[in-house]
Amino acid sequence: MRTCRAATAGKLTVVLATLVLLVAACGSSGPSPRAWAASVCSALTPWRAEISKLTSSTNQQMTAQTTPAQAKENLVRLFGGAEQASETAREKVEQAGVPEVEHGEEVSAGFRASLASMRDAYGRARTAIDGLATGEASTFYDGVQDTVETLQQEYDASALDTSRLDSEELKRAFDEVPECR
């Protein structure tokens, strides 16, 4: 009787171990291209809107009749908002996982790295503006102009290089899912 129970327990252990491996294997696969594209677009749509709004506000701030101290406060807040919006989008893209396509990890990592670079560029701009003295208006606004030019260069350099991320499945998914329209 003991041998029978031991054999049954051993078989049960093997069956359970096999089931655990199968469930883990199923759970470890990434989202489909369509699901991943929908998640990424859901993350990027509010980010783009926020960046557009902040860019418009920054342009208005650059031409507004404010004191350097007021402009500094507003610009620090604007760049801080862009930095936070970029980090939020990066986190959401990370939560989207790795798409179940060839080179999916590289694609996901590229999106995350691009957003992290943009976040860091906005952070550096915020810090640079925060460090500007406001005593002399022309010196302050020259510093703002230099900071904005540097930000633009860093922003351009952080753009996602899609030349190596050529997935027909993802291209089709980004074209088709409603979240990306």
Side-chain angles (χ1 to χ4, degrees), residues 19-62 73-130 144-181:
L19 285 173
V20 168
L21 288 174
L22 287 174
V23 170
C26 290
S28 67
S29 67
S32 70
R34 288 179 62 87
W36 191 79
S39 293
V40 168
C41 287
S42 292
L44 295 181
T45 299
W47 173 77
R48 275 193 221 107
E50 182 69 11
I51 296 302
S52 178
K53 181 178 86 172
L54 292 169
T55 300
S56 175
S57 294
T58 300
N59 289 338
Q60 289 173 358
Q61 187 61 49
M62 294 292 287
E73 181 181 325
N74 291 336
L75 289 169
V76 165
R77 187 176 59 254
L78 290 170
F79 290 141
E83 179 182 18
Q84 184 56 52
S86 298
E87 175 56 17
T88 299
R90 189 203 63 74
E91 288 171 352
K92 288 180 179 180
V93 169
E94 184 172 21
Q95 291 168 2
V98 175
E100 194 63 36
V101 296
E102 188 174 348
H103 305 291
E105 179 58 48
E106 188 179 352
V107 171
S108 178
F111 273 84
R112 293 188 321 267
S114 180
L115 288 164
S117 293
M118 291 176 196
R119 173 203 62 207
D120 295 346
Y122 283 120
R124 284 188 290 277
R126 177 187 45 78
T127 300
I129 297 293
D130 199 31
V144 169
Q145 185 64 40
D146 290 345
T147 299
V148 170
E149 286 174 11
T150 300
L151 172 62
Q152 186 61 50
Q153 291 168 356
E154 290 178 352
Y155 194 87
D156 291 345
S158 67
L160 180 63
D161 177 12
T162 58
S163 65
R164 294 185 20 198
L165 309 176
D166 197 20
S167 168
E168 287 303 318
E169 292 171 296
L170 283 176
K171 284 181 188 175
R172 192 170 36 259
F174 278 112
D175 287 343
E176 294 174 355
V177 297
E179 293 85 352
C180 295
R181 292 185 189 154

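Just so it is clear, the model here is predicted, and its values are computed rather than measured.
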Salt bridge (charged side-chain N to carboxylate O under 4.0 Å, His left out) pairs, two or more places apart, involving [range]:
range            : value
residues 41-61   : E50-K53
residues 145-154 : R124-E154
residues 172-181 : R34-E176
residues 78-87   : E83-R126, E87-R90, E87-R119

side-chain contact (heavy atoms from CB on, under 4.5 Å) against [X], all qualifying residues, sequence neighbours excluded:
X    : value
S108 : W36, V98, P99, R112
T55  : I51, N59
A43  : K92, V93
Q60  : S56

Where [X] and [Y] come nearest, the two heavy atoms and their spacing:
X    : Y   : value
A96  : V40 : CB-CG2, 4.5 Å
C180 : A37 : SG-O, 3.5 Å
L78  : S57 : CD2-CB, 3.6 Å

For this session: Under the ring pair (Phe, Tyr, Trp, His ring centres under 6.0 Å) rule, collect the residues that match up with F79, sequence neighbours excluded.
Result: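 Result, ring pair (Phe, Tyr, Trp, His ring centres under 6.0 Å) vs F79: none returned.
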For this session: Drop me the distance from Y155's OH to S114's OG, to the nearest 0.5 angstrom.
Result: 8.0 Å
Exercise. Could you give the distance from CG (L115) to OG1 (T88), rounded to the nearest 0.5 Å?
Worked result: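 Between atom CG of L115 and atom OG1 of T88 there are 10.5 Å.
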Problem set entry | Pairing residues for S32 by the side-chain hydrogen bond (donor to acceptor under 3.5 Å, both in side chains) criterion, not counting sequence neighbours |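 So S32 forms no side-chain hydrogen bond (donor to acceptor under 3.5 Å, both in side chains) with any residue.
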For this session: Tell me, with the steps shown, if L54 and Y122 meet side-chain contact (heavy atoms from CB on, under 4.5 Å).
Result: CA-CA 11 Å; L54 292 169; Y122 283 120; over 6 Å; no
Exercise. Side chain of S39, backbone of A35: donor and acceptor closer than 3.5 Å?
Worked result: yes
